[in-house]
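Ligands are counted one by one from 1 in listed order, and the atoms in each one are counted from 1 as well. Reckoned from all heavy atoms, side chains included, excluding hydrogens, waters and symmetry mates.
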Amino acid sequence: MRILIVEDEPRLAEDIARSLGDAGFVTEHAADGEEAWFKCDTEDYAAVILDLGLPRLDGMTVLKRLRQAGVETPVLILTARASWSERVDGIDAGADDYLPKPFQMEELLARLHAILRRSAGKASSQLTIGPVALDARQMRISVEGSSVALTPLEYRALAFLMYNADRIVSAHELGEHVYGVDGLREANTLEVLIGRLRRKLRVPLIETRRGYGYIVATPGGA
Ligand code: CA
């Protein structure tokens, strides 16, 4: 799969290219926003890793132009400015995920895999991990072919974990996603929700990594 890396810091761009290359991706590089826009408009990439602070044309403008032009390539934003409002702006502008600098290459790879899986899932709206199948369009879950009734909160938690499979999701991040930024008042609320989910699924899909968070591991995945 071909990935475009848009990053104006040469050393970081090289590090990302090397890590992605080791992980089996083919990479191309753009060092400024105009070049990124030109490449995305004329070539077809599986995903774009897009720094926001860029010469000539900033990353957010590139992203908005792409989405306005109907380009649906998944975009992972990188930025040194890790504010909540910027993250929301980026997601509103059509980014698929957001990674604040500095970051670990493992984290970048995990997120890249997640957005690629998500965009593949969008096409079919089906995501299957082991015995559990998720139908995103109908918001339905089935286990070994039998449908399982989940509450909206349970569905959101499970969908988020499945779309982020093979990555440890912290309780904080999952809580924000399920309950909203201010929604999670008691720490054990999420544990209770996950406990209920596990009983309903009756298969060991969601693992707890004590002190770190939760993970759904794909067979043969991380
Ligand atoms: Ca930059």
Side-chain angles (χ1 to χ4, degrees), residues 1-122 160 163-170 172-174 176-177 181 212-213 222:
M1 270 189 280
R2 202 161 56 130
I3 311 289
L4 180 66
I5 301 164
V6 187
E7 171 59 67
D8 59 319
E9 292 167 47
R11 271 185 54 190
L12 181 57
E14 274 170 35
D15 285 350
I16 295 172
R18 195 177 316 115
S19 298
L20 264 58
D22 290 346
F25 293 104
V26 175
T27 62
E28 285 185 26
H29 177 235
D32 67 62
E34 287 288 357
E35 191 186 356
W37 160 243
F38 175 77
K39 286 192 145 159
C40 290
D41 195 39
T42 52
E43 305 273 329
D44 199 20
Y45 298 99
V48 179
I49 296 170
L50 179 65
D51 182 32
L52 285 188
L54 290 170
R56 294 176 77 200
L57 193 63
D58 70 274
M60 197 71 87
T61 305
V62 173
L63 176 60
K64 284 179 183 161
R65 278 199 198 174
L66 286 174
R67 294 310 187 226
Q68 275 161 15
V71 177
E72 289 182 358
T73 310
V75 172
L76 173 62
I77 284 179
L78 303 179
T79 181
R81 296 157 293 170
S83 77
W84 173 255
S85 69
E86 198 177 56
R87 175 176 173 158
V88 170
D89 287 348
I91 300 293
D92 280 351
D96 295 82
D97 203 355
Y98 174 104
L99 190 57
K101 291 178 183 174
F103 53 83
Q104 300 291 321
M105 284 300 163
E106 290 82 0
E107 176 77 4
L108 176 72
L109 280 171
R111 295 211 180 203
L112 181 62
H113 281 297
I115 64 170
L116 289 168
R117 200 159 38 227
R118 219 144 57 200
S119 78
K122 259 183 215 158
F160 189 72
Y163 280 127
N164 288 281
D166 297 325
R167 172 168 88 80
I168 296 174
V169 176
S170 72
H172 178 77
E173 184 183 358
L174 185 59
E176 270 187 5
H177 190 81
V181 187
Y212 294 98

**Message:** Once rounded to the nearest 0.5 Å, what's the spacing between atom CG of Leu109 and atom CZ of Phe103?
**Reply:** 9.5 Å
**Message:** Using a distance threshold of 3.0 Å, state whether an N, O or S atom of Asp8 lies below it from the Ca ion (ligand 1).
**Reply:** yes
**Asked** Looking at the Ca ion (ligand 1), is one of the N, O or S atoms of Asp51 less than 3.0 Å from it?
**Response** yes
**Asked** Could you state the interatomic distance from CG (Asp51) to CD1 (Ile49), rounded to the nearest 0.5 Å?
**Response** 11.0 Å
**Value rounded to 0.5 Å, distance of CD in Glu107 from CZ in Arg167** = 5.5 Å
**Prompt:** Closer than 3.0 Å to the Ca ion (ligand 1), do we get an N, O or S atom from Leu54, backbone or side chain?
**Reply:** no
**Request:** Please round to the nearest 0.5 Å and tell me the distance separating atom CE of Met60 and atom OG1 of Thr79.
**Result:** 8.0 Å
